[in-house]
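Here the structure comes first, spelled out in structure tokens, and everything after it is commentary.
In this text the structure is predicted, and so the values were computed from the model without any measurement. In each ligand, atom 1 is the first atom listed, and ligand 1 is the first ligand listed. For the numbers below, each heavy atom of this structure counts, side chains included, while hydrogens, waters and symmetry mates do not. The first residue of the sequence shown is numbered 1, and numbering continues consecutively from there.
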Amino acid sequence: MPDEYVNGKTKNVSSIENIARSPYLNKGTATSLSARNALQLTGIFPPAVENLEQQKKRALVQLRAKSSNLEKYMFLAWLRNTNVRLFYRVVIDELEEMAPIIYTPTVGTACLEYSHIYPFLAPPGVPDGLYLSIDDLPNLTQIIKNYHPYPFDESLTPQIAVITDGSRILGLGDLGVNGMGIPIGKLQLYVAGAGIDPRRTLPITIDLGTNNEKNLNDEFYLGLRKKRVSDDQFEDFSSEHAFELLAKYRDNLFCFNDDIQGTGAVILSGFINAVRLVEKDVHPKQHRILFFGAGSAGVGVAKQLLEFFKIEHGMSEEEAKKLVWLVDTKGLVTHDRGDKLANHKVYFARKDNEGCQYKSLMDVIEYVKPTALIGLSSTGGVFDETILKRMAELNKNPIVFPLSNPMVNAECTFEDAMKHTENRVIFASGTGFPPFIEHDTGKIRYPGQGNNIPGLGLGAIIARPDKITDRQIYASASALAESLTAEEIEQNFLYPAVQRIRRVSARVAAAVIVTSVDEGLACNPEINSMVKKDLQEILSRNGEKWQSLVKYVEERMWDPSIEKFFSSDSLIEKNLLDSLANEIVQVEE
Ligand SMILES: NC(=O)C1=CN([C@@H]2O[C@H](COP(=O)(O)OP(=O)(O)OC[C@H]3O[C@@H](n4cnc5c(N)ncnc54)[C@H](O)[C@@H]3O)[C@@H](O)[C@H]2O)C=CC1
Ligand SMILES: CC(=O)C(=O)O
Ligand SMILES: [Mg+2]
């Protein structure tokens, strides 16, 4: 290590550099004149001293002038990696506009291009996440220790990590190390949507190689340039084993699989509201739910829906299971189809098909006559005009959820779903579609968007349960479903407006917290003593005590404008200022 970094006399020079360069501490042109003076930063910035609002205004002008969404993505990444507070002020205040840039659909484009744009996303030395490769195995512990997004305060250990092995990035397939955009993007939603402290989030990509030939042959590809290790070598990290991994770790590690359980929760929530909307025509127990796509997300959502029928409608597991049909690339999933079904499909394989097999989606629709059609197949446009029209013939209000991401993979657009069902569709997609204006009435109709549920993560961080259980996940879904305002219900929304996401996340988190206390799993003593004495009232999600818990959660949300969340860096600045005067004098001597 060069002398200037270890020499006691110049130690603080590197600390000053850290303040100016740390994306968490740097305030850019909002650094006060006194701080600039004390930290020897005078002259580093132009003379004007701005506030966060002015900085945001300028950032928005620049951002909106960019012509492509990828350029906007890169602009925002640079902002995040140089000035975290400003980035989140922009994202939180303009979430509806920013979410499609920092997450789906643009994050899909960014992942495809990741190795090409990587050097232009962050200044050198500012990590965008932690890269662990199979070649690093012998040094894994040291490598994890190397990761310091926030060099000044090692007590800020990560509270939440999002991990991918890059093998199935949205519906784009195996992108190898380029998949890093997803853990980064998802954690940004957790920060913006649920107020998790960004200093305590950790995006991780595990590089086990890639089978993506395009990447392997791309001169700029930044991952390991070799084929993905086979299951035999590294079975635990293979994407095909998402369910096995979950089963193996869910009871002994504080983890959940977002594609199976997170998606399960958020889609269940939209589905609960969809069922309510059609209740006068279809009794909840009469639903016939067809999943197009039987992978981690399809089966994850299907399993979560069963909980609704069991808990809210007193159905047995066997009865509820009969409301679900799965379709994969070979057609309807049946027990006697003749191929060996993957383990996760066996549970839902139909036994009542009387030896008949149904291959095409239309054949399956004619057989099942679904009330709800849910797409998790990564196959863009497959819910075409004929399919949508048939759904509209079969149902007064067909429930159609084309949930695959990014937008090009959505099974249909909102516009097509409206047009081909005479505007009768009950709709939610994974990537947000623009609103639709009804031709005859001029009425604006808004699509639902079912994607992430950041409040689940916040609740778990606050309560610190030993594990994430199905009951906690169900609680998050039902709290989200019941968070609609009277106006949103009036407009037939399935999900609350995105502008309210933080308030909604607080309720979702509170529901997770109280459930984990009821299960005896919460390890946070403050939470236990606060919630236990009024457990029943809080569990009912009504009344003063429930409101107090929601407020308690809200008060713990990180906010880029609230200085108290930066007490540690104020302290650092203070300590630094106290010691600087002396030490700078010594250095000069
Ligand atoms: N809206 C949301 O919140 C979420 C959306 N997703 C999206 O769901 C999609 C699937 O994700 P996973 O289940 O994890 O992937 P997966 O690869 O595990 O499963 C895909 C399934 O679709 C089936 N499939 C593919 N092409 C098909 C075709 N032409 N006809 C019939 N079936 C077909 C496959 O057989 C498989 O069962 C992705 O596009 C992903 O972005 C996933 C998680 C959350
Ligand atoms: C939203 C998400 O997790 C996915 O598309 O995979
Ligand atoms: Mg996912």
Should [X] and [Y] count as an ion pair when the cut-off is N to O under 4.0 Å?
X: D352; Y: R350; result: yes
X: E393; Y: K369; result: no
X: D339; Y: K345; result: no

D470: which of R250, K310, K303 passes salt bridge (charged side-chain N to carboxylate O under 4.0 Å, His left out):
R250

Go through R276 and E279 one step at a time and tell me if the salt bridge (charged side-chain N to carboxylate O under 4.0 Å, His left out) criterion holds.
CA-CA 5 Å; R276 182 180 46 75; E279 206 160 16; over 6 Å; no

If you look at D259, which of its N/O/S atoms is nearest to the Mg ion (ligand 3)?
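Among the N, O or S atoms of D259, the one closest to the Mg ion (ligand 3) is OD1.
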
With a cut-off of 4.0 Å, which atoms of ligand 1 are near a heavy atom of [X]?
X: G171; value: 38 (C), 39 (O), 41 (O)
X: F292; value: 28 (C), 30 (N), 31 (C)
X: G450; value: 1 (N), 2 (C), 3 (O)

Step by step, work out the side-chain contact (heavy atoms from CB on, under 4.5 Å) result for V400 and C412.
CA-CA 9 Å; V400 180; C412 65; 4.2 Å; yes

From D258, does some N, O or S atom reach closer than 2.8 Å to the Mg ion (ligand 3)?
no

Within the 4.0 Å heavy-atom shell around [X], which atoms of ligand 2 are there?
X: Y103; answer: 1 (C), 2 (C), 3 (O)
X: R168; answer: 6 (O)
X: N451; answer: 1 (C)
X: L170; answer: 4 (C), 5 (O)

Working to the nearest 0.5 angstrom, can you tell me the gap between L332 CG and I365 CD1?
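One gets 11.5 Å once the value is rounded to the nearest 0.5 Å.
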
d(L456 CG, F256 CZ) to nearest 0.5 Å is 4.5 Å

List the closest protein heavy-atom neighbour of [atom]: residue, atom name, distance to the nearest 0.1 Å.
atom: atom 33 (C) of ligand 1; result: T329 CG2, 3.7 Å
atom: atom 10 (C) of ligand 1; result: L376 O, 3.4 Å
atom: atom 3 (O) of ligand 2; result: K186 NZ, 2.9 Å
atom: atom 9 (C) of ligand 1; result: S378 OG, 3.4 Å
atom: atom 7 (C) of ligand 1; result: S404 CA, 3.8 Å
atom: atom 5 (O) of ligand 2; result: N405 ND2, 2.7 Å
atom: atom 25 (C) of ligand 1; result: S377 O, 3.2 Å
atom: atom 44 (C) of ligand 1; result: T263 OG1, 2.9 Å
atom: atom 18 (O) of ligand 1; result: S296 N, 3.2 Å
atom: atom 13 (O) of ligand 1; result: A297 N, 2.8 Å

Starting from the C-alpha separation in whole Å, work towards a yes-or-no answer on side chain to side chain donor-acceptor pair (under 3.5 Å) for S378 and N409.
CA-CA 5 Å; S378 308; N409 288 348; 4.8 Å; no

Step by step, would you call R541 with S478 a side chain to side chain donor-acceptor pair (under 3.5 Å)?
CA-CA 11 Å; R541 298 207 284 266; S478 62; 2.8 Å; yes

Within-cut-off N or O pair, [X] and ligand 1, under 3.5 Å:
X: R168; answer: yes
X: G293; answer: no
X: G430; answer: no
X: I267; answer: no
X: N452; answer: no
X: N451; answer: yes
X: V266; answer: no
X: T379; answer: yes
X: G295; answer: yes

Does the pair N81 and D128 meet the rule for a side chain to side chain donor-acceptor pair (under 3.5 Å), with working shown?
CA-CA 7 Å; N81 287 319; D128 59 350; 5.9 Å; no

What's the verdict on side chain to side chain donor-acceptor pair (under 3.5 Å) for E317 and Y347, showing C-alpha distance, side-chain angles and the deciding distance?
CA-CA 11 Å; E317 184 166 336; Y347 178 82; 2.5 Å; yes

Tell me whether the rings of F414 and F436 are parallel (<30°), tilted (30 to 60°) or perpendicular (>60°).
perpendicular

Which label fits F309 and H287: parallel for a plane angle under 30°, tilted from 30 to 60°, or perpendicular past 60°?
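Aromatic pair F309/H287 classed tilted.
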
State whether the number of non-hydrogen atoms from other residues, nucleotides or ligands found under 6.0 Å of E312 atom CD is greater than 12.
yes

If you count every heavy atom of other residues, nucleotides or ligands that lies below 6.0 Å from K322 atom NZ, does the total exceed 12?
no

Do any N/O atoms on T263 end up under 3.5 angstrom from N/O atoms on ligand 2?
no

Does ligand 2 come near enough to N452 that some N or O of the ligand is less than 3.5 Å from an N or O of the residue?
no

So is N409 touching ligand 1 or not, going by heavy atoms under 4.0 Å?
no

Should the proximity of D259 to ligand 2, defined as any heavy atom under 4.0 Å, be assigned to the side chain, the backbone, both, or neither?
side chain

Between Y88 and W558 (judged by ring centroids, cut-off 6.0 Å), do the two rings come close enough to count as a pair?
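Centroid distance Y88-W558: below 6.0 Å, so yes.
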
Go through the steps for V91 and Q188 under the test side-chain contact (heavy atoms from CB on, under 4.5 Å), then give the verdict.
CA-CA 9 Å; V91 170; Q188 287 169 10; over 6 Å; no

Judged by heavy atoms only, the candidate from A294, A265, S167 nearest atom 37 (O) of ligand 1 is A294

Between I169, D259, N405, L172, which one has a non-hydrogen atom sitting closest to atom 43 (C) of ligand 1?
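Comparing heavy atoms across I169, D259, N405, L172, the nearest one to atom 43 (C) of ligand 1 lies in D259.
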
With salt bridge (charged side-chain N to carboxylate O under 4.0 Å, His left out) as the criterion, how do R228 and D165 come out once you've worked through the C-alpha distance, each side chain's angles and the decisive distance to 0.1 Å?
CA-CA 10 Å; R228 199 168 272 283; D165 68 355; 3.8 Å; yes

